[in-house]
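Because only heavy atoms are used, hydrogens play no part in the values below, and waters and symmetry mates are left out as well, while side chains stay in. Sequence lines set the chain letters: A, B, ... in the order given, protein chains first and strands last, and positions in each chain run from 1. The shown structure was predicted, so the numbers you read here are calculated from the model rather than taken from an experiment.
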Number of protein chains: 2
Amino acid sequence: MAQDPHNHSQKNKPVEQMLTEQGIFVTAQRRIIAEALFARNQHITADQLLGLVNKNSAKVSKATIYNTLGLFADKGLVREIHINASKTFYDSNASRHHHFYNVDTGDLIDMKERLVPLFLQSDLPDGTVMETADVVVRVRNQTL
Amino acid sequence: MAQDPHNHSQKNKPVEQMLTEQGIFVTAQRRIIAEALFARNQHITADQLLGLVNKNSAKVSKATIYNTLGLFADKGLVREIHINASKTFYDSNASRHHHFYNVDTGDLIDMKERLVPLFLQSDLPDGTVMETADVVVRVRNQTL
DNA sequence: TTTTAGATTTAGACTAAGTCTAAGATCTTC
DNA sequence: GAAGATCTTAGACTTAGTCTAAATCTAAAA
């Protein structure tokens, strides 16, 4: 059940406030993870975040990284972007926007807002409500 | 390098023609896989296709299923739809359309064509060309 | 028709992202 | 501080997908 905090600039709030506003109980590990994750807008994998958080001495386990990213995603604080079966990014900017993925370089690039499609409730399958709308446009380097 | 055969009704062509038109050498295994895959419009996983093809006695190996689906995707005959890290569908209808994914039921549902966004070359990152544009809208069952 | 070289297929080992388990730690409230 | 809930953890486990190296197939040359 994703909330939609429309957190265009939540990165400026203390992470404690971000979490409590979404009804997330603040723990030491969640604070550490949130500090690392929301320090800036970034596209990061679970593994990269694990490394970042434990850079000097282990502080948070792999299971907690996954649990916490899942929790944050449920609450709408981060967005999961599934590129393929073995590449999932977490986007610390959860505001409404989408992505270009360069298959040659592996870069994930933000899409300009005007390119984002809108889906109305009436467009959805009967009896459903929207959770997330993800657009990934795969591009490759132009061959001259 | 995905081609775009715009194969709205390639399912009516003999599979041999579909493959040769895309420059794919026809082998026994590729014919078996293509027959099963393009018999109808379907969203199917690699594993399901492996089971379908080998229903009575083994005919095609797992490696060949993956290799062939990858080849067909490269040539634009099927579309890969990445739902999450452990769920990838192959869509035997490769024509331009997108999907709703119901997280409660696991159903993947075709999106009406008018909802499909368009991306112009000028919208893409500099020096890149579009490969595929995938839209997956995640929905959940409405709670009354 | 045999040879040859390249392409294809295969079994099964392997990889790695992510999940699970069950025990321990931590917090809340009485 | 005891009870009970929630959270964290190490490390085992699962599983989709990849890799490898040998065997097979194909087309066409000799």
OG1 on B:T64 to CG on B:L71, rounded to 0.5 Å: 11.0 Å

Pair A:D107-A:H43, side-chain donor/acceptor within less than 3.5 Å: no

Heavy-atom closest pair, residues B:G76 and B:A94: O-CB, 3.3 Å

Nucleotide C:dT15, atom P - distance to CG of A:N84 in whole Å: 19 Å

Integer-rounded Å distance: C:dT15 C1' and A:K87 NZ: 15 Å

Length of the CG-C1' vector between A:D47 and C:dT19, whole Å: 15 Å

Between C:dC27 (P) and A:I24 (CD1): distance, integer Å: 17 Å

Any side-chain donor near an acceptor of the partner, A:H97 and A:D91, under 3.5 Å: yes

Strand-adjacent residues in residues 59-66 of chain B, judged by heavy atoms under 4.0 Å from DNA chain C: B:K59, B:V60, B:S61, B:K62, B:A63, B:T64

hydrophobic_cluster_shared for A:Y66 and B:I83, side chain cutoff 4.5 Å: no

Between C1' of C:dT8 and CG of B:L19, the distance in whole Å: 14 Å

d(CD1, B:I32; P, C:dT9) in whole Å: 10 Å

A:F25 side chain, from C-beta outward: closest of C:dA17, C:dC27, C:dT9: C:dC27

Residues B:D47 and B:T45: side-chain donor-acceptor under 3.5 angstrom: no

Phosphate-side-chain proximity, A:T45 and C:dA17, N/O vs OP1/OP2 below 4.0 Å: no

Modelled atom types, side-chain donor and acceptor of B:D134 and B:H98, under 3.5 Å: no

Common cluster, A:V103/A:M111, ILVMFWY with side-chain heavy-atom separation under 4.5 Å: no

Nucleotides bounding contact with chain B, strand DNA chain D, heavy-atom threshold 4.0 Å: D:dA16 to D:dA27

